[in-house]
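Here is the naming used below: chain letters follow the sequence lines, and residue numbers restart at 1 for every chain. We use all heavy atoms of the structure for the numbers below, so side chains are in, but hydrogens, waters and symmetry mates are not.
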Amino acid sequence: MKRPHYFEQVLETARLIPEGRVSTYGAIADFLALGSARMVGWAMKNSFNSEELVPAHRVVNGKGELSGRNAFEHPDLMAELLISEGVEVKNNKVVRFSEVFWHPREMYE
DNA sequence: CATCTGACATAAC
DNA sequence: GGTTATGCCAGAT
């Protein structure tokens, strides 16, 4: 496939998300200033096609909901992965989302 | 080229 | 707290 700049940027940024933290599509899109949040979701879906492993489970939507769980092998895999990393997940949502939320901007501060 | 769809976001109702 | 509308942009058809 083509290797658009934003695609690699999104995956690279996703890999920067610390364990036990989560980020959002909007935050990544805003930070990269490339395209829109939909591009991030698009990249995530295609991240399984990437050669590099990407912690896609650490990327949730703006409400902290695991909107992408359906794209995993098992719908509950995403939540289990997060829980195994220390992120509390309840009813497909990240608990205390505002506390575990991570913005790429923090890397530059 | 026209439309639809999507792991989204935001505002308005 | 849903639903609707709009912006966003790459793929698929």
Side-chain angles (χ1 to χ4, degrees):
Chain A
M1 90 165 23
K2 294 198 303 184
R3 302 182 62 189
H5 191 53
Y6 55 80
F7 182 84
E8 296 183 357
Q9 289 277 40
V10 171
L11 298 185
E12 181 178 347
T13 303
R15 272 184 243 124
L16 294 177
I17 302 174
E19 185 175 312
R21 303 289 293 279
V22 298
S23 191
T24 69
Y25 304 94
I28 295 173
D30 178 67
F31 170 70
L32 296 176
L34 298 170
S36 63
R38 292 196 160 186
M39 299 300 92
V40 179
W42 173 80
M44 287 295 110
K45 190 177 76 169
N46 288 281
S47 69
F48 296 100
N49 209 0
S50 174
E51 300 172 6
E52 293 287 338
L53 293 178
V54 180
H57 57 275
R58 294 179 191 152
V59 181
V60 299
N61 67 14
K63 304 187 189 86
E65 298 171 339
L66 281 53
S67 52
R69 66 190 156 84
N70 206 28
F72 285 78
E73 301 180 28
H74 183 62
D76 294 327
L77 179 61
M78 186 174 183
E80 292 181 13
L81 285 172
L82 288 172
I83 292 171
S84 67
E85 294 183 354
V87 178
E88 295 183 59
V89 177
K90 192 75 173 180
N91 195 10
N92 298 322
K93 291 185 303 182
V94 176
V95 181
R96 292 193 277 287
F97 177 57
S98 58
E99 297 180 18
V100 296
F101 172 71
W102 177 85
H103 195 289
R105 187 180 298 124
E106 296 183 13
M107 295 291 287
Y108 293 80
E109 293 179 339

From [atom1] of [X] over to [atom2] of [N], roughly how many Å is that when rounded to an integer?
X: M44(A); N: dA10(C); atom1: CE; atom2: P; answer: 16 Å
X: N49(A); N: dA12(C); atom1: CG; atom2: P; answer: 11 Å
X: K93(A); N: dG1(C); atom1: NZ; atom2: P; answer: 8 Å
X: I28(A); N: dA7(B); atom1: CD1; atom2: P; answer: 16 Å
X: D30(A); N: dG7(C); atom1: CG; atom2: P; answer: 19 Å
X: N46(A); N: dA12(C); atom1: CG; atom2: P; answer: 8 Å
X: F101(A); N: dA9(B); atom1: CZ; atom2: C1'; answer: 13 Å
X: N70(A); N: dG6(B); atom1: CG; atom2: C1'; answer: 13 Å

Point to revise | Side-chain touch E88(A)/V94(A), heavy atoms, less than 4.5 angstrom | key: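 No, too far: nothing below the 4.5 Å cut-off.
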
**Study point:** Ion pair check, R21(A) and E85(A), cut-off under 4.0 Å
**Key:**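 Judged by the 4.0 Å cut-off on N to carboxylate O distance, R21(A) and E85(A) do not form a salt bridge.
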
Point to revise | Minimum heavy-atom distance A27(A)-F101(A), with the two atoms named | key: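 Distance-wise, the nearest heavy atoms are CB-CZ, 3.8 Å.
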
Exercise for review: Kindly state each residue pair satisfying ring pair (Phe, Tyr, Trp, His ring centres under 6.0 Å) with at least one member in residues 57-82 of chain A, sequence neighbours excluded.
Suggested key: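 Passing the test, one end in residues 57-82 of chain A: F48(A)-F72(A).
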
Point to revise | Nearest-Å distance once atom C1' is located in both dA12(C) and dC1(B) | key: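 The answer is 14 Å between these two C1' atoms.
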
Review point. How is A43(A) classified with respect to the nucleic acid when contacts are heavy atoms under 4.0 Å: base, sugar-phosphate, or nothing?
Key: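 If one applies the 4.0 Å heavy-atom cut-off, A43(A) turns out to touch nothing in the nucleic acid.
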
Exercise for review: Name the closest nucleotide to the W42(A) side chain, picking from dG11(C), dA7(B), dC9(C).
Suggested key: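 Selected nucleotide (nearest to the side chain): dG11(C).
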
Review point. What's the closest nucleotide to the M39(A) side chain, out of dA9(B), dC9(C), dA7(B)?
Key: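 Side chain of M39(A) sits closest to dC9(C).
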
